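Here the structure comes first, spelled out in structure tokens, and everything after it is commentary.
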Amino acid sequence: MLDKAAEIHRQMLVGGEWVDSANGETIAVENPGNRTTLGHVPRGDAEDVDRAARAAATAFESWSKVTPRDRGRMLLKIAEDIETRTEEAARLIAAETGNALRTQARPEAALAADIFRYFGGLASELKGETLPLGEQVLSYSRREPIGVVGAIIPWNAPVSLASLKIAPALCAGNTIVLKAAEDAPLGVLMIAEICQAHLPPSVLNVLTGYGEDCGAALAAHPAVRKLSFTGSTDVGKLIMEAASHRIVPVSLELGGKSPSIVYPDANEDWAVEGIISAMRFTRQSQSCTAGSRLFLHGDIFDSFLEKLVEKTSTLKLGDPLDEETDMGAIISEKQFNRVCGYVEEGVQREDARLVMGGMPPTSGPLSKGYFALPTVFADASNDWRLAREEIFGPVLVAIRWEDEREAIRMANESHYGLAAFVWSRDIGCALRTAHAVEAGWVQVNQGAGQVLGQSYGGTKQSGIGREFSLEGMLDSFTQKKSVTVNLGLPGPELP
Ligand code: NAI
Ligand code: MG
């Protein structure tokens, strides 16, 4: 359990050993709910990346030959162990990310166990195909592992995102070097510890360090044969560039600025609650799928916003570890200042109407941490920076529409294409719009999170590839080999 007095010191997992960084330097991990130092982790750099990647490359030879069912069995045991420690994991996540224990951290820890269980059960599905080329030819394909996977994850859902890389990569027979985000490495290292108890050494390597000195070295390492990245679109471009030098396949799960389109007939409480959920306010909206552009029909613009403000105002902000808290703190000072910058800009605009929220309090308990208020700007323009850029904070912009085509045009006027939400009781109309919106995932009349089995991922600059599903594992973590055999050799001469 978390001991308030004692700082946590953790090491990285390299080649089956728990190690400090080669340079001996560390990174402090801050609790964003009260700005205290929670602990330290190694500041890994290129030298550590090299050790980890070489170890993973060596381990690949034997790991790739373990039968898939046996690999799956190990993942199932990991799932069980995570489940027995979900409360510990959840408290660690809440402390290091600022995500509220009840609404976010606990469900995240539970999801991590589910992810290992789901992929562990899919080990038998790494199947190939045969081609019907006639009696004289056997032509079949194999789903082979790629090799060493280099994975880089962000801090917003660190434990479930780490699990989403580790479980499918290992199930498919790859080995992996995963770099945790510098702002949230502790929960990931705990998952690594649980995994290591069930895996051969060097199959899983977990590094902690900054993007520039550790992440970039991983993306560029010659032993890495596949790159899987979740994070900002800007860094996604760097990963793709690094991959281009060696023609390494990449999966990218990047940012979003997802539209919610509300029709007049959805001017009801269930839709308001759905919008709050879609906006991920209880994750401080630090979610790539946050429905942060709210397109409201003109007829219901004011009455819908009134209900939205009333319901959103009931969210309780505060200590992430308090059971009563609905909404915790922003991850870091850097992100907090970024979010505040957008809010300040909105407040200063004469053509914007601040409907709720605004700049965070400078005194009282909330000023002790990085607490941003749920903020809504009305009569926003789709051209504003606030309506175009991923804020990654609880700032919602409400934009008016009258004509359906205009709403769809505005929704699609974005370089992102991750998620979208459509709200109407008229399902025909909702589906027409769902099909017209450019996004990898559209939800109608709900604002839920991803579920296992769903192939999740983005279009446009929101990314390449799919995760969360069997298809995602096969496409992202295996490569196909065709084998063609001539069965038509002349028979042996009979005596
Ligand atoms: P980031 O994209 O910089 O960080 C994500 C991961 O990439 C971290 O592990 C980081 O260490 C690593 N990284 C950073 N620079 C790298 C480089 N040059 N080479 C290799 N790895 C590198 O995101 P950051 O700075 O934490 O957040 C900035 C913005 O990114 C947010 O405001 C948000 O808009 C977006 N973001 C989106 C996420 C999503 O899930 N869509 C997740 C996190 C951030
Ligand atoms: Mg960064």
Side-chain angles (χ1 to χ4, degrees), residues 27 29-30 32 41 43-46 49 96-99 108 150-158 160-162 164-165 177-185 187-188 206-221 224 227-243 245 250-258 280 283-290 292 330-342 370 372 385-386 388-395 414-419 440-441 449-450 456-458 460-465 467-468:
I27 299 174
V29 184
E30 187 185 28
V41 295
R43 180 179 174 170
D45 65 16
V49 167
E96 70 174 333
T97 64
N99 288 339
E108 187 189 338
I152 299 172
I153 56 168
W155 41 263
N156 55 335
S160 57
L161 291 174
L164 264 184
K165 307 287 185 205
V177 180
L178 175 111
K179 190 196 85 67
E182 54 271 35
D183 292 313
V188 175
V206 176
L207 301 174
T208 53
Y210 292 112
E212 291 75 10
D213 35 63
C214 190
L218 180 58
H221 198 282
V224 171
L227 288 167
S228 180
F229 173 77
T230 302
S232 64
T233 293
D234 285 348
V235 175
K237 290 177 185 177
L238 297 176
I239 301 296
M240 203 166 170
E241 195 184 320
H245 295 296
V250 283
S251 308
L252 304 170
E253 293 291 336
L254 309 175
K257 188 74 182 178
S258 299
R280 319 283 189 235
R283 298 178 60 182
Q284 302 77 261
S285 306
Q286 298 173 128
S287 160
C288 39
T289 53
S292 52
I330 296 284
I331 182 77
S332 65
E333 186 169 25
K334 179 193 106 177
Q335 287 297 111
F336 181 70
N337 289 339
R338 220 176 144 252
V339 173
C340 290
Y342 285 104
Y370 305 123
R385 205 167 74 90
L386 271 77
R388 308 190 75 86
E389 297 177 10
E390 183 178 50
I391 297 177
F392 233 56
V395 184
S414 170
H415 62 289
Y416 291 118
L418 190 52
W441 180 25
Q450 298 89 325
Y456 162 75
K460 301 202 268 187
Q461 290 189 30
S462 290
I464 294 176
E467 286 189 328
F468 265 93

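Indexing begins at 1, ligand by ligand and atom by atom, following the structure's order. Predicted model, so just to flag it, every value in this text is computed and none were measured. For reference, positions follow the sequence shown, starting with 1.
When each atom of ligand 1 is checked for a heavy atom of Leu238 under 4.0 Å away, the hits are 18 (N). Numbered from 1 in the order shown, with element, the atoms of ligand 1 that lie under 4.0 Å from a heavy atom of Lys334 read 24 (P), 25 (O). Of all atoms in ligand 1, numbered sequentially from 1 with element shown, those under 4.0 Å from a heavy atom of Pro154 are 42 (C), 43 (C). Of all atoms in ligand 1, numbered sequentially from 1 with element shown, those under 4.0 Å from a heavy atom of Gly255 are 41 (N). Atoms of ligand 1 found under 4.0 Å from any heavy atom of Ala216 (numbered from 1 in listed order, with element): 19 (N), 20 (C). Residue contact check: Phe229 has heavy atoms under 4.0 Å from atoms 2 (O), 6 (C), 7 (O) of ligand 1. The distance from ligand 1 to the heavy atoms of Trp155 drops below 4.0 Å at these ligand atoms: 24 (P), 26 (O). The distance from ligand 1 to the heavy atoms of Lys179 drops below 4.0 Å at these ligand atoms: 9 (O), 10 (C), 11 (O).
For Glu390, a nitrogen or oxygen atom sits less than 3.5 Å from a nitrogen or oxygen atom of ligand 1, counting backbone and side chain alike. Residue Arg338 has at least one nitrogen or oxygen atom sitting less than 3.5 Å from a nitrogen or oxygen atom of ligand 1, judged on distance alone. Inclusion of Gln335 in the set of residues having an N or O under 3.5 Å from an N or O of ligand 1 is warranted.
Judged by distance alone, the side chain of Gln286 and the main-chain N or O of Ile331 form a donor-acceptor pair under 3.5 Å. A donor-acceptor contact shorter than 3.5 Å is absent between the side chain of Asp213 and the backbone of Ala46.
In this structure, the side chains of Thr208 and Lys179 stay at 4.5 Å or more apart for every pair of heavy atoms. When side chains are defined from C-beta on, Gln450 does not count as touching Glu467, because their heavy atoms never get closer than 4.5 Å. A heavy-atom distance below 4.5 Å is found between the side chains of Pro158 and Val188. Considering only heavy atoms from C-beta on, Thr289 comes within 4.5 Å of Tyr456 through its side chain.
Nearest residue to atom 41 (N) of ligand 1 from Gly211, Gly215, Cys288 is Cys288 (criterion: closest heavy atom). Between the choices Ser232, Pro158, Gly231, the shortest heavy-atom distance to atom 2 (O) of ligand 1 belongs to Ser232.
The proximity of Ile153 to ligand 1, defined as any non-hydrogen pair under 4.0 Å, is limited to the backbone. Contacts of Glu182 with ligand 1, taken as heavy-atom pairs under 4.0 Å, involve the side chain alone. The backbone of Leu254, and not its side chain, has at least one atom closer than 4.0 Å to an atom of ligand 1 (non-hydrogen atoms only; backbone = N, CA, C, O).
Put simply, no part of Ala219 is less than 4.0 Å from ligand 1, judged by heavy atoms.
Considering all non-hydrogen atoms of both residues, His245 and Glu241 come closest at CD2-O, 3.2 Å. Between Leu218 and Val224 the shortest heavy-atom distance is O-CG2, 3.7 Å.
Each of Leu238, Val250, Leu254 was evaluated against Phe229; a single residue qualifies, Leu254, per the side chain to side chain contact (heavy atoms under 4.5 Å, CB included) test.
Tyr370 and Gln284 form no side-chain donor-acceptor contact under 3.5 Å, judged by distance and modelled atom types alone.
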With salt bridge (charged side-chain N to carboxylate O under 4.0 Å, His left out) as the test, would you mind laying out the steps for Glu182 and Arg43 before giving the verdict?
CA-CA 9 Å; Glu182 54 271 35; Arg43 180 179 174 170; over 6 Å; no
